[in-house]
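Let me begin by presenting the structure, written as structure tokens, before commenting on it.
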Amino acid sequence: MKHINTILIANRGEIASRIIRTCKKMGITSAVVYSEADKNAAFVRQADLAVHIGEPEPVKSYLDQDKIIAAAKRVEADAIHPGYGFLSENATFARRCDKEGLIFIGPKPNAIEAMGSKSRAKEIMEQSSVPVIPGYRGEDQSDATLKAEALKIGFPVLLKATAGGGGKGMRIVNEEKEVISAIASAKREAKSAFGDDELLIEKYIASGRHIEFQIFGDQHGNVIHLLERECSIQRRYQKVIEESPSPIMTDTLRTAMGEAAVTAAKALHYDNAGTVEFIFEESTGDFYFLEVNTRLQVEHPVTEEITGLDLVKMQIESAQGIPLEIKQKDVESNGYAIEVRLYAEDVSNNFAPAIGTVHKFEFPDVEGLRVESAIESGSEISMFYDPMIAKIIVKDSDRTTAHAKLAYVLRQLVCQGTVTNQSFLQTLLKHDDFLKGIYDTHFIDKKIDISEINMLSDIQIQELGIAVTLYSWYQREQSRKILSTLPSGWRNSFYEHQKETFLIHEEKLTVKYRYEGENFTFLIGEKEFEAMIVMVENNRIRISINGLQKEYSIIPIANSYFMHTATIGNVKVIQQDRFPIKEKEKIKGGYESPIPSQVVKIHVTPGDEVKEGDPLIVISSMKMENILEANQDGVIEGVFAEEGQNVEAGFLLLKINEN
């Protein structure tokens with residue numbers, strides 16, 4: 001048996017923090033690598049040792065095998081834990097670790113390699129009598145062959161990168177005219193994310209549930225499953241909510257799917273943590289193999305909560321050659337667990353990833369709450385990495401109680417400084433069909449009206465205007481030195497109100513108010529409000545509006561106020577200058593980067609004629625591609641960016657002259 005004293009964690013963010021926690025519990029020295037963008041990150045401080053390995057771009061840091069191996073040797077590590085993403089499912093890297101005398105904490109390279117190719121994975125599963133979806137997987141990756149196979153299968157079809165996961169390199173194709181452009185886009189995204197652009201094609205199951213089984217093996221031939229996780233609530237193939245037990249699971253179905261998962265693992269001689277993913281067609285009761293993720297999953301805390309096991313500890317033990325201590329008959333589900341993923345993204349802007357500083361990050365104290373995050377107050381959200389801020393997990397005795405607690409946590413969660421999907425998660429959780437467990441992988445597209453998320457009522461906007469006015473007034477009073485004996489807002493004419501103007505969700509709000517003793521009278525439009533300040537402490541203010549007291553967290557940054565209260569959520573309020581600066585004039589025919597991005601591909605050059613809908617530029621932010629298309633016919637006047645260039649939001653990429 002090999003012994004591990006020091007582990008190098010070849011990853012970043014919350015999964016690095018998670019692994020560090022178990023290392024400390026086991027008495028193992030933890031070392032991390034970090035890029036320039038992560039030098040002040042929490043996971044770097046949490047580790048016993050940290051090695052700087054380069055520039056922010058993953059290919060120059062977290063994906064650079066030479067730098068990772070060199071860092072491991074520098075800290076005299078015995079093993080490398082790859083976490084998830086980056087090099088976690090790279091068989092070449094796993095083999096190199098072995099060659100360099102380092103233990104790779106994961107399955108053997110042969111299993112990674114076999115499952116790394118989704119086409120090879122399907123062959124193995126078919127040979128082992130695990131049901132698979134009809135489709136094409138082959139060496140001929142020409143556009144003509146892929147198109148012909150798509151036509152043979154029949155639309156809709158799913159293009160899928162054979163390497164990696166997480167929705168990268170995946171496209172649904174509904175008709176023939178979309179095939180070629182979808183192939184090009186999927187290949188490019190797959191190449192960028194995994195270094196491999198091979199695709200497979202599957203018949204697309206329009207209504208299915210995504211259910212996965214946690215598997216675990218050791219180096220002595222023992223393999224078990226650790227029950228299921230329901231992962232059907234997805235957006236762009238990225239899981240948003242995971243829960244266990246699945247609402248539709250029966251003992252018979254669990255036995256059948258669990259046995260299929262173990263059969264799949266045994267076919268691979270699997271020896272560590274992994275996940276076998278299935279698509280379940282509720283209308284027929286049939287399930288099909290999708291893939292094996294040969295690593296720890298993002299949603300592994302759900303399984304840990306219902307089984308009481310530490311999967312990272314089990315990974316480390318298995319990598320040392322220690323046999324599994326638990327047998328299949330010992331695996332039991334205790335209660336219910338649910339996880340949601342909090343992302344830095346603008347739901348109203350097609351879920352565009354967001355960057356910025358998280359000025360304040362706080363959770364309520366709730367029994368059964370577990371938060372996995374490497375974000376803290378003051379952390380920066382970078383454009384170079386996945387925009388996930390935190391995984392929020394709640395465990396309780398039953399589904400209904402856990403949902404109620406999670407809903408409370410999301411109301412009380414303070415995340416100020418960047419836009420998030422917090423309101424979106426709240427909307428999902430309170431939907432009747434979700435509460436009843438009636439959903440499939442298209443639940444969000446079918447059931448959720450994105451346009452209604454983050455909408456504020458008039459009374460909520462007025463409330464925010466009053467709260468920020470009182471907070472601003474209090475701060476001014478505390479710093480007032482000139483004529484401090486005069487009452488606040490003193491006027492020659494008592495009847496003249498003080499006035500402030502704010503922008504809330506792009507809606508202009510004018511607030512008039514007058515201060516008398518300890519009380520304020522507010523006039524907003526035709527409505528009058530009586531208000532008073534109850535308490536101010538640091539960035540918290542408690543106020544009474546018409547007799548109803550509430551507490552607000554307010555972070556002032558320049559002329560912006562990042563506000564939170566449980567009944568409204570996190571909102572940005574902009575105080576308008578009395579002499580506002582004229583906004584930058586939009587350039588007619590100009591195409592700007594909507595978010596901080598990297599320019600991946602430029603399809604046009606000056607002088608090119610384009611038609612409405614033609615692709616112009618492909619940009620990438622936080623590992624997701626976006627294609628900017630022409631919204632008019634015209635001629636390209638100028639291109640002002642280069643491929644590989646990093647640009648800020650609002651950067652002018654190109655200009656079109658109308659025909």
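Since the model is a prediction, treat every value here as computed from it, not as a measurement.
Looking at Arg95 and Asn110, their side chains do bring a donor and an acceptor atom within 3.5 Å of each other. Side-chain polar atoms of Glu243 and Tyr336 form a donor-acceptor pair below 3.5 angstrom. Counted by atom type alone, Thr162 and Arg137 present zero donor-acceptor pairs between their side chains at under 3.5 Å. Side-chain contact, Asn570 with Gln416: no donor N or O sits under 3.5 Å from an acceptor N or O. Counting only N and O atoms by type, the side chains of Ser17 and Arg21 include no donor and acceptor under 3.5 Å apart. A donor-acceptor contact closer than 3.5 angstrom links the side chains of Glu277 and Gln297.
Annotation: cation-pi pair Arg12/Tyr385 present, NZ/CZ under 6.0 Å from the ring centroid and within 45° of its normal.
One finds the CG atom of Asn334 at 9.0 Å from the CD1 atom of Ile306 (value rounded to the nearest 0.5 Å).
Checked for salt-bridge contact, Lys168 and Glu189 miss the test: no charged N lies under 4.0 Å from a carboxylate O. Residues Glu339 and Arg370 are not paired through a salt bridge, judged by the lack of any N-O separation under 4.0 Å between the basic side chain and the carboxylate. The pair Lys2-Asp78 does not count as a salt bridge, with every side-chain nitrogen at least 4.0 angstrom from each carboxylate oxygen. At a threshold of 4.0 Å, the pair Arg120-Glu113 does not count as salt-bridged, since none of the basic side-chain nitrogens sits closer than that to a carboxylate oxygen. Using a cut-off of 4.0 Å between Lys/Arg side-chain N and Asp/Glu carboxylate O, Glu126 and Lys122 are scored as not salt-bridged. Ion pairing of Glu89 with Arg295 is present here, as a side-chain N (NZ or NE/NH1/NH2) and a carboxylate O approach within less than 4.0 Å. A salt bridge does not link Glu299 to Lys391: none of the charged side-chain nitrogens sits closer than 4.0 Å to a carboxylate oxygen.
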Arg96 vs Thr92, test: side-chain hydrogen bond (donor to acceptor under 3.5 Å, both in side chains). Steps then yes/no. CA-CA 6 Å; Arg96 182 165 178 190; Thr92 301; over 6 Å; no
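Between Leu413 and Thr420 there is no side-chain heavy-atom pair separated by less than 4.5 Å. The side-chain heavy atoms of Phe361 and Leu342, taken from C-beta on, include a pair separated by under 4.5 Å. Counting only heavy atoms from C-beta outward, the side chains of Val312 and Ile316 approach each other to under 4.5 Å. No side-chain heavy atom of Glu304 sits less than 4.5 Å from a side-chain heavy atom of Leu309. Taking the side chain as every heavy atom from C-beta outward, Glu212 and Lys239 approach each other to under 4.5 Å.
For Lys395, the salt bridge (charged side-chain N to carboxylate O under 4.0 Å, His left out) test picks out no residue, with sequence neighbours left out.
Aromatic ring centres of Phe351 and Phe424: separated by under 6.0 Å.
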